[in-house]
Amino acid sequence: GQQVQQSPASLVLQEGENAELQCNFSTSLNSMQWFYQRPEGSLVSLFYNPSGTKQSGRLTSTTVIKERRSSLHISSSQITDSGTYLCAINTGNYKYVFGAGTRLKVIA
Amino acid sequence: DMKVTQMPRYLIKRMGENVLLECGQDMSHETMYWYRQDPGLGLQLIYISYDVDSNSEGDIPKGYRVSRKKREHFSLILDSAKTNQTSVYFCASSSIYEQYFGPGTRLTVL
């Protein structure tokens, strides 16, 4: 089965609303990372977060290892937040497994 | 400035032609990757390289080979490209903590 599952698959927000994106993994991990993929395709690393909570501006990532889940919280969403959010887990030996992503659209 | 570069950014080839995709990084990372991304399938690992001439198959290596002769440079080769290899290809390099991605190459095989 899939090792990394992301939910929801897609999401539409009104500008200013908050969002919580989920990443669940079925295997133990060495580390995990959240990425933002811009509409034009390039990938940007948002967080390296193997455990605990990290915040950067309006983004907060929380990883709970024993529950095998990580979340990405976006507060006060902006139109420029639109794109795809990917989580990836490092299963060991530097190999990463990616989720299918959450496609976010923020509308005015 | 930490950077992963890819060349070319766009490429159109005919079925049966050979394809060379090139990737460079300026972070002296030992580990580098080639992925492909297709709609609905996410990022799939083709090959991983742990250092010069130390390459390992990923999840979908069939139809691809790689070359790494310098630590900063990693190539993906398609010998006799097939139409089902039309995709977006990403190169990445990794520290022990994080992956860094190149901008991607959009390959179309006609």
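Just so we're clear, the structure is a prediction, and the values are computed from it rather than from any experiment. Just so we're on the same page: letters track the sequence lines, and every chain starts at 1.
Between Ser94(B) and Tyr96(A) the shortest side-chain heavy-atom distance falls below 4.5 Å. The side-chain heavy atoms of Phe98(A) and Gln99(B), taken from C-beta on, include a pair separated by under 4.5 Å.
By a heavy-atom distance cut of under 4.5 Å, Thr31(B), Tyr33(B), Tyr35(B), Gln37(B) are the residues of residues 31-38 of chain B near chain A, going up by number.
Heavy atoms of other residues, nucleotides or ligands lying less than 6.0 angstrom from NZ of Lys82(B) number more than 12. In the displayed structure, Arg106(B) atom CZ is contacted under 6.0 Å by at most 12 heavy atoms of other residues, nucleotides or ligands.
Each ring pair (Phe, Tyr, Trp, His ring centres under 6.0 Å) pair with one or both residues in residues 43-70 of chain A, not counting sequence neighbours, appears once here: Tyr48(A)-Tyr97(B).
In this structure, the portion of Phe90(B) lying under 4.5 Å from any heavy atom of chain A is its side chain and not its backbone. Looking at Ser49(B), there are no atoms closer than 4.5 Å to chain A (heavy atoms on both sides), in backbone or side chain.
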#### Entry: Leu43(A)/Leu43(B) under side chain to side chain contact (heavy atoms under 4.5 Å, CB included): CA gap, chis, key distance, verdict
CA-CA 11 Å; Leu43(A) 283 149; Leu43(B) 280 153; 4.2 Å; yes

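Note that NE2 of His29(B) and OH of Tyr94(A) are 9.5 Å apart. Values are rounded to the nearest 0.5 Å.
One hydrophobic cluster holds both Val66(B) and Tyr64(B) under the rule that ILVMFWY side chains link at heavy-atom gaps under 4.5 Å.
Listed here is the closest heavy atom pair of Lys95(A) and Ser56(B): NZ-OG, 4.5 Å.
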